[in-house]
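Below is one structure, written out as structure tokens; the observations come after it.
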Amino acid sequence: MSYPYQIKSYEEYKEAYKKSTEQTDSFWAEIAEHFTWRKKWDEVLNWNFTEPKVEWFKGGKLNITENCIDRHLKTMGDKPAIIWEPNHPDERARTVTYNRLHKRVCQFAQVLKNNGVKKGDRVCIYMGMVPELAYAVLGCARIGAIHSVIFGGFSAQSIADRLYDANAEFIVTCDGAYRGEKVIPLKSVIDDALIGNRTVKKVIVYTRTRTPISMLKGRDVWWEDEMEYAESQVEKDGVVSFPAEEMDAEDPLFILYTSGSTGKPKGVLHSSAGYMVWTNYTFVNVFQYQPGDVHFCTADIGWITGHSYIIYGPLSAGGTSLMFEGIPTFPDAGRFWDIVEKHKVNILYTAPTALRSLMSFGLIPVGGRDFSSLKVLGTVGEPINEEAWHWYDEHIGLRKCPIVDTWWQTETGGCLISNLAGITPSKPGWATLPMPGVQPVLVDDQGNEVTEKDENGMLKGNLCIKAPWPAILRTTYGDHERCKTNYFATYPNLYFTGDGAIKDENGFYRITGRVDDVLNVSGHRIGTAEVENAINMHAGVVESAVVGYPHDIKGQGIYAFVIDSNTHGDEERTRKDILQTVTRVIGSIAKPDKIQFVKGLPKTRSGKIMRRILRKIAEGEIENLGDTTTLLEPAVVDEIKNGRL
Ligand code: WTA
């Protein structure tokens, strides 16, 4: 496999960028030529941001799994597609070649078909990080079913909400998942999520931990039995085949739920061709992937990073993707580095929060490892602080590996702003330049483009994008209006990211964080409203307000101010009960780090909570709270200040 569209110099980047904006159609048509199509497109791009409506490669027909698997078989059938590293280092790693991946995906596609799954059906996937998760995802794509992967840290209630929202009829899960010392009882969580559910017809269960589970007759089936039966259907005389469904370029590929500033998580919907082209293009260019490189993205496939840079980007490029089941600190804080050495990892892509957590263990876990295979390092998910950047550069990259700081979102499908490894300049803490095809703009709160520099010579504003790139979200599942109000209505004719950014004299961007009520806790997106709703469900809680505060390792911590009518007076117990409620309603990832009981919340005369004040208190900036004269009861502020945790 070669990548004729791989950018090889800063000059080439500038040319590509220019062409992408001036001759958008021919720019993308030339790139799309390098994929496998059943039928080429009639029109490259058709869009408006008012409805919004975006169509890429309209009229084109394809199946993304033919691009991720079949087209590599002839020349690379025996090359590794996935290297799987289990949770426990004593268990043997597995290498899945493209031939094997093809067989397993065909088998699983047949399993789905045997169980009644059709094109367009929604299949919810709730599994640990095992290769079977990749087979499940690609099996869905092969028959045109829409996968909706749910991260293993979400609770039964969260799953139930997502199943309902997507009207999903099928689930693929595991008995359990290993995470460090723990076994997460996935099937049992699914069973809880299904109480009262009338739409789910089948649950396919892969055995990983041999945790005792209940299997409901008629509804629950074993992965192993189904796969064995399907094998005889897809393999004839040693030849494996399962015809891939012909998909329209704009047919939906998957839904992935993500948090916003209001209401329940929304189902971000991505379609087939544009997402494929974008994940491939960004993978090849940002990481400067070379055939044979081992790419290790440490994300979970339950998040967009795993979708795009463990599965679709690397596999569409015929690459080798390393998938890790466990956690960075098991059996000790040297696990990532062991994996790098053991599998001769060339590209390591992780989150700043993981780096900060590993930094806190000092240099002993890093010592003595052979890092000579490493060529490129990457980060994603949150702004990287300079200290972490330099630690990564010095102790892992040994000052010879470019670091790519990739800024993007679930909604963007792949990287939008990032340096290209070793090709365009890097700057610690800065995502730097937009990818070809991406036109960022900074606007003020009224939506006017910011043109005046601040005292440091920087432009500062709300980050928007002017025109669509191939993997922009197409809608929020079942509620197009919500997609419009969330992303396209704040500023007319712009996609609003929800992030703030600054831009320097070179045109480099630094993302400063969310400007809406979304928190970024350990690289996970969590809406403050969602956490408040969960806390408010706890008996005795009258009202609550949740804000973020700087946290050394997590980036942001969750600080909850709670008015509680509990008269028993045992605050510590109530605190634990509230944590339990949040764990039940959302999952343990949304548990507040701090809960402060208060008698009142600072509100305006119209009853709006003044979060700005709470944020300052949580951040420890209690001296300078700004104007509090418009408050209904200014005295509550002193009480909250005095009780600060
Ligand atoms: C934040 C993850 C600074 C940002 C791919 C964005 C970042 C949110 C970076 C999306 C980065 C992601 N620098 N901030 N390199 N990458 N973010 O949807 O606030 O889980 O809006 O997608 O993470 O989170 P999501």
Side-chain angles (χ1 to χ4, degrees), residues 149-151 153-154 254-261 265-270 275 278-279 282-283 286-287 297-310 312-313 349-356 377-386 388-389 392 403-419 426-435 438 440 462-465 471-473 476 486-487 490 495-503 508-528 530 548 554-556 589-590:
V149 184
I150 302 179
F151 175 61
F154 282 113
F254 66 86
I255 303 171
L256 188 57
Y257 284 87
T258 190
S259 295
S261 47
K266 40 192 186 277
V268 168
L269 187 120
H270 283 288
Y275 176 81
W278 188 252
T279 51
T282 52
F283 175 70
V286 169
F287 302 105
C297 166
T298 69
D300 191 286
I301 292 175
W303 308 109
I304 190 70
T305 307
H307 282 62
S308 301
Y309 298 110
I310 296 178
Y312 290 112
Y349 189 32
T350 192
T353 185
L355 294 174
R356 287 191 300 266
L377 303 176
T379 70
V380 59
E382 45 173 328
I384 181 163
N385 48 314
E386 288 195 27
W389 195 99
Y392 203 20
I403 298 178
V404 288
D405 178 351
T406 65
W407 171 82
W408 56 295
Q409 311 177 298
T410 304
E411 294 86 346
T412 71
C415 307
L416 290 202
I417 303 183
S418 173
N419 49 317
S426 66
K427 181 171 172 183
W430 291 67
T432 73
L433 294 167
M435 296 295 297
V438 176
N462 302 314
L463 179 61
C464 294
I465 316 285
I472 187 174
L473 85 161
T476 46
N486 255 290
Y487 307 106
T490 319
Y495 165 80
F496 176 42
T497 64
D499 280 317
I502 54 179
K503 185 178 177 183
F508 290 3
Y509 289 88
R510 178 192 178 100
I511 314 302
T512 47
R514 302 288 303 199
V515 293
D516 54 8
D517 288 320
V518 172
L519 306 179
N520 192 327
V521 181
S522 300
H524 300 154
R525 249 168 92 167
I526 298 171
T528 51
E530 240 183 293
K554 297 178 172 186
Q556 265 187 315
I589 55 171

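None of the values given here were measured: they were computed from a predicted structure. Numbering of ligands and ligand atoms starts at 1, following listing order. Counting begins at 1 with the first residue of the sequence.
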Donor-acceptor side-chain pairing of Tyr349 and Thr379 below 3.5 angstrom:
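Thr379 and Tyr349 do not have a side-chain donor-acceptor pair below 3.5 Å.
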Between Trp389 and Asp405: side-chain donor-acceptor atoms closer than 3.5 Å
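No pair is found: no donor N or O on one side chain lies under 3.5 Å from an acceptor on the other.
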Cationic N near anionic O, under 4.0 Å, Glu382 to Arg356:
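Looking at Glu382 and Arg356, the cut-off is met.
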Check each atom of ligand 1 against the heavy atoms of Ile511 and keep those under 4.0 Å away; list them by number with element.
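That gives atoms 3 (C), 14 (N) of ligand 1.
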Numbering the atoms of ligand 1 from 1, which are under 4.0 Å from a heavy atom of Asp405?
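Going through ligand 1 atom by atom, the ones under 4.0 Å from Asp405 are 11 (C), 13 (N), 15 (N).
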Aromatic ring centroids of [X] and [Y] under 6.0 Å?
{"X": "Phe151", "Y": "His524", "answer": "yes"}
{"X": "Tyr309", "Y": "Trp303", "answer": "no"}
{"X": "Tyr312", "Y": "His307", "answer": "no"}

Less than 3.5 Å between some nitrogen or oxygen of [X] and one of ligand 1, yes or no?
{"X": "Asp499", "value": "yes"}
{"X": "Arg514", "value": "yes"}
{"X": "Thr410", "value": "yes"}
{"X": "Gly381", "value": "yes"}
{"X": "Glu411", "value": "no"}

side-chain contact (heavy atoms from CB on, under 4.5 Å) between Phe154 and Ile589, worked out
CA-CA 8 Å; Phe154 282 113; Ile589 55 171; 3.8 Å; yes
Among all the protein's non-hydrogen atoms, which is closest to atom 3 (C) of ligand 1, and how far away is it?
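Looking only at protein heavy atoms, the one closest to atom 3 (C) of ligand 1 is Pro383 N, 3.1 Å.
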Among all protein heavy atoms, pick out the one at the shortest distance from atom 24 (O) of ligand 1; state its residue, atom name and that distance to 0.1 Å.
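I find the closest protein heavy atom is Arg525 CD, 3.2 Å.
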Measure Asn520 to ligand 1 on non-hydrogen atoms and call it side chain, backbone, both or neither using the 4.0 Å cut-off.
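Side chain only.
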Side chain, backbone, both or neither: which applies to Val518 and ligand 1 if a contact is any heavy-atom pair less than 4.0 Å apart?
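Near ligand 1, Val518 shows nothing, with every heavy atom at 4.0 Å or more.
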Do any heavy atoms of Trp408 fall under 4.0 Å from ligand 1?
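It does, in that a heavy atom of Trp408 comes within the 4.0 Å cut-off of ligand 1.
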Pro440: side chain to side chain contact (heavy atoms under 4.5 Å, CB included) partners, not counting sequence neighbours
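Partners of Pro440 under the side chain to side chain contact (heavy atoms under 4.5 Å, CB included) test: Tyr17, Ile417, Pro434, Val438, Leu463, Ile465, Tyr509.
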